[in-house]
Engineer: 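Can you keep this structure in mind? I'll have questions shortly.
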Amino acid sequence: VKVAVLKGGRSLERGVSLRSGARVEDALERLGHAVLPIDVGPDLVKRLVAEQPDVAFVAMHGVGGEDGTVQELLEILGVPFTGPGAAACARCMDKVQAKDAIELAGLETPGGLKTPDWFAFNQTAFREFGAGDALGRLEETLGFPLVVKPSSGGSSLGVKFARSPAEVPQALVSAFSYDDRVLLESFVDGRELAVSILGDEPLPVVEAILLQGDRYDFEARYEIGRTRFACPAELSAEEERAVTEAALGTYRALGCTGFARVDLILGEDGPWLLEANAIPGLTDTSLLPQAAEAAGLSFEQLVERILDLALEPAAA
Amino acid sequence: MAEVPEPTHRRRAHTSGRDLERYAGLFAERTGVMRSSAMRDLMAITARPEVISLAGGLPDTSTFPPQSFAAQMTRIAQESAAKALQYGPTEGFEETKDCILEVMGAEGMLPDHDDVIVTTGGQQAIDLVCKTLLDPGDVVICEAPTYPGAIPTLCSYQADVVQVECDEDGMKVELLEDLLADLRAEGRRVKFIYSVPSFQNPAGVTMSLQRRRQLVELARAQELLVVEDNPYGLLRYGGEPMPPLYQLDGGDFVIYLGTFSKILSPGIRLGWAVAPPPVMEKIVLGKQAADLCTSTLTQYFVREYFAERRWQHYVSDLIEIYRARRDTMLEALRTYFPAEATWTEPEGGLFIWATLPDYIDTSDLLAKALRADVAFVPGQAAYVDGRGSHSMRLNFSGVDEDEIREGVRRIGKVIAEQVDLYGTLTGEQRLPEPEQDSTPNVVPFRKAGEAG
């Protein structure tokens with residue numbers, strides 16, 4: 001099979017994407033496929049038309065690659081591709097759409113999934129409509145500490161905690177450095193879990209356990225030695241069921257296909273949805289490959305399965 | 001010859017999360033000190049061709065005449081091929097040391113041949129000094145901010161890095177006496193003071209003569225070593241030359257580090273260290289363990305190059321180019337940076353250090369700047385404790401004047417957007433745009449230091 005591996009691009013997560021892409025290319029070659037690596041740029045469509053790949057493996061993260069843009073193009077060109085479709089990607093990326101979908105699916109129940117309170121703003125709201133004057137009211141609703149983050153970011157970039165009203169403007173300035181739209185979200189305390197889903201099957205739950213630094217330090221979560229990942233996470237049967245159901249429900253409500261990763265906080269009162277990642281990282285420290293391994297799938301087997309799901313969605 | 005099976009390519013991407021955990025159990029404790037991966041990922045984007053990078057520290061090697069390069073390499077091939085391709089002495093060739101003494105002589109220093117060791121770049125000299133002097137937990141005093149490239153080296157020897165504030169006259173040496181007493185009282189052992197006294201990387205400031213004297217006197221009185229890192233001393237674009245610490249001290253308590261990187265080429269990886277004989281003895285042993293000897297080929301190249309007697313002309317040429325670039329950057333900063341920003345006005349070297357209002361985090365700003373295709377080094381890279389987050393290092397040697405102007409304009413634009421947004425959020429009165437001809441505000445990083 002001739003596989004175009006789409007990676008890189010101009011997103012701030014370019015570095016991670018290049019690593020995901022390289023690892024996927026390696027696995028595809030081992031599996032005996034013809035690999036066409038593409039660092040995505042203005043010549044993407046020309047190259048796809050000229051090379052006529054059988055399938056595209058999308059190993060891009062962040063804006064452009066994970067928000068439905070590339071997926072839309074691939075759909076227009078009729079090239080099958082891995083991971084969720086354009087509409088599902090857009091829903092994962094956009095919190096407002098995601099929340100609507102989850103409400104519509106009736107997922108939020110007292111014992112089941114919960115979503116933290118949040119507000120989304122774009123720069124125009126602040127620059128032109130004086131949204132700054134609404135901050136006080138909104139802080140009252142959310143309480144402190146609250147989390148300020150770029151709406152589309154998939155990593156720790158630009159995610160800030162504000163412990164008091166005085167810290168909010170600076171956190172907003174930082175978050176707006178990464179995106180024109182930011183979220184203010186109430187902080188939910190609990191265990192940090194990630195559930196990867198392959199096809200329609202949840203993989204073993206991964207827990208991120210912070211070893212060093214405080215829980216407000218987002219960077220620590222992505223550094224070897226400062227965070228340990230436990231997979232499968234130590235959960236009671238009941239907890240595991242609640243978490244897995246919440247993740248699978250979210251995945252289906254957002255219309256994901258192929259694979260995705262749902263990040264949750266397990267609080268005292270059950271799972272809270274943080275976000276769904278349409279294209280989770282595939283590097284050697286990423287969570288999806290770890291979960292697959294815990295389920296007995298090697299990286300090659302994982303890649304092959306993802307490819308099968310893209311080529312024969314119905315059969316898979 | 002026996003048939004060897006076709007080798008299969010062992011790709012490095014083939015580790016899984018589990019593998020990593022397995023390896024992690026084997027890692028030495030000193031590898032635990034890792035730098036921010038998020039910032040590293042952002043820095044990876046600066047390599048895109050459309051990005052104007054003011055983040056590097058690259059000298060401009062484009063003006064080195066290729067004919068001269070070719071002639072020297074040809075001479076080496078014709079006259080000394082066998083020797084140039086052979087191992088050399090661990091300390092380096094005597095002829096290389098002659099060149100080193102010439103360079104040091106240009107700044108008024110004349111050490112003994114035997115006190116000099118040729119190293120693989122100045123960076124190895126820092127590493128060897130650490131290897132020779134540091135036990136885990138030993139204190140090294142550095143400037144705040146300090147050379148970002150020294151931090152991983154110090155950390156890999158598990159040094160306890162203590163940073164001392166700088167102002168426009170370099171490290172505040174007057175703070176040292178009390179600091180040393182405090183550290184001793186806490187039972188912490190100070191081994192050496194690391195300083196880039198001239199045109200400091202990253203701050204661009206130069207230590208005053210008075211502080212230089214104070215520093216060497218203090219080192220002598222307390223029997224401490226000062227490690228003087230002087231890569232830029234000859235790249236002076238204005239003001240009066242300043243005596244190196246090594247010269248003031250006479251070499252008893254100062255270890256001097258030099259390099260050909262900024263006056264000739266960083267690609268040849270040739271630097272040196274000068275140290276008192278007992279220290280040198282240990283450094284030589286460390287060097288032997290590290291790589292036996294510095295590249296003989298590039299030592300031959302330097303010998304041939306110096307034989308042409310043109311090296312000082314080349315440095316003069318570089319000074320002309322860099323002076324114009326520095327002036328261009330300063331002018332661009334006055335034009336495009338907001339009134340609340342401050343920056344240093346270096347008399348030499350390669351860097352300007354700019355400090356922004358304290359609500360702007362330069363690591364986040366870098367993300368925004370990269371979307372505008374321009375890059376700088378966030379100030380945090382020059383601190384071990386998270387300070388410096390409102391400052392940035394700007395390089396003016398590696399790009400031409402048009403790019404400097406355009407790069408600073410783009411950074412200024414993203415800063416202005418942040419300032420404006422913050423004003424909107426807090427309801428604070430926006431400060432007026434800087435006037436084209438306003439005088440620069442040149443107080444450097446006091447604010448950053450105090451805020452930290």
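Keep in mind the model is a prediction, meaning the values are calculated, not measured. Here is the naming used below: chain letters follow the sequence lines, and residue numbers restart at 1 for every chain.
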Engineer: According to salt bridge (charged side-chain N to carboxylate O under 4.0 Å, His left out), who are the partners of A:Asp43, at least two apart in sequence or on a separate chain?
Structural biologist: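 Partners of A:Asp43 under the salt bridge (charged side-chain N to carboxylate O under 4.0 Å, His left out) test: none.
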Engineer: Who in residues 166-176 of chain A is close to chain B, using a strict under-4.5 Å heavy-atom cut-off?
Structural biologist: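 When heavy atoms of chain B are the reference, residues 166-176 of chain A contributes A:Pro169, A:Gln170, A:Leu172, A:Val173, A:Ser174, A:Phe176 within the under-4.5 Å range.
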Engineer: When you look at A:Asp39 and A:Arg14, which way does the salt bridge (Lys or Arg N to Asp or Glu O under 4.0 Å) test go after all the steps?
Structural biologist: CA-CA 10 Å; A:Asp39 187 346; A:Arg14 174 180 170 82; 2.8 Å; yes
Engineer: Side chain, backbone, both or neither: which part of B:Leu421 has an atom under 4.5 Å from a heavy atom of chain A?
Structural biologist: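 Both the backbone and the side chain of B:Leu421 come within 4.5 Å of chain A.
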Engineer: What part of A:Ser11 is in contact with chain B, defined as an atom under 4.5 angstrom from a non-hydrogen atom: side chain, backbone, both or neither?
Structural biologist: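 Just the backbone, heavy atoms under 4.5 Å.
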Engineer: So does A:Leu282 get a backbone contact from the side chain of A:Ser20, meaning a donor-acceptor N/O pair under 3.5 Å?
Structural biologist: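 The answer is yes, because a donor-acceptor pair under 3.5 Å joins these two groups.
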Engineer: Tell me every residue that passes ring-ring contact (aromatic ring centres under 6.0 Å, His included) with A:Phe121, counting only those two or more places apart in sequence or in another chain.
Structural biologist: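 If we apply the ring-ring contact (aromatic ring centres under 6.0 Å, His included) test to A:Phe121, skipping adjacent residues, the hits are A:Phe126.
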Engineer: Can any side-chain N or O of B:Arg371 pair as donor or acceptor with the backbone N or O of A:Ser177 at less than 3.5 Å?
Structural biologist: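 At least one qualifying donor-acceptor pair exists.
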Engineer: Using the side-chain hydrogen bond (donor to acceptor under 3.5 Å, both in side chains) criterion, which residues pair with A:Thr141? Sequence neighbours excluded.
Structural biologist: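 A:Thr141: no side-chain hydrogen bond (donor to acceptor under 3.5 Å, both in side chains) contacts found.
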Engineer: Would B:Glu50 and A:Arg10 count as a salt bridge (Lys or Arg N to Asp or Glu O under 4.0 Å) here? Give the steps.
Structural biologist: CA-CA 11 Å; B:Glu50 64 272 29; A:Arg10 284 180 52 100; 3.3 Å; yes
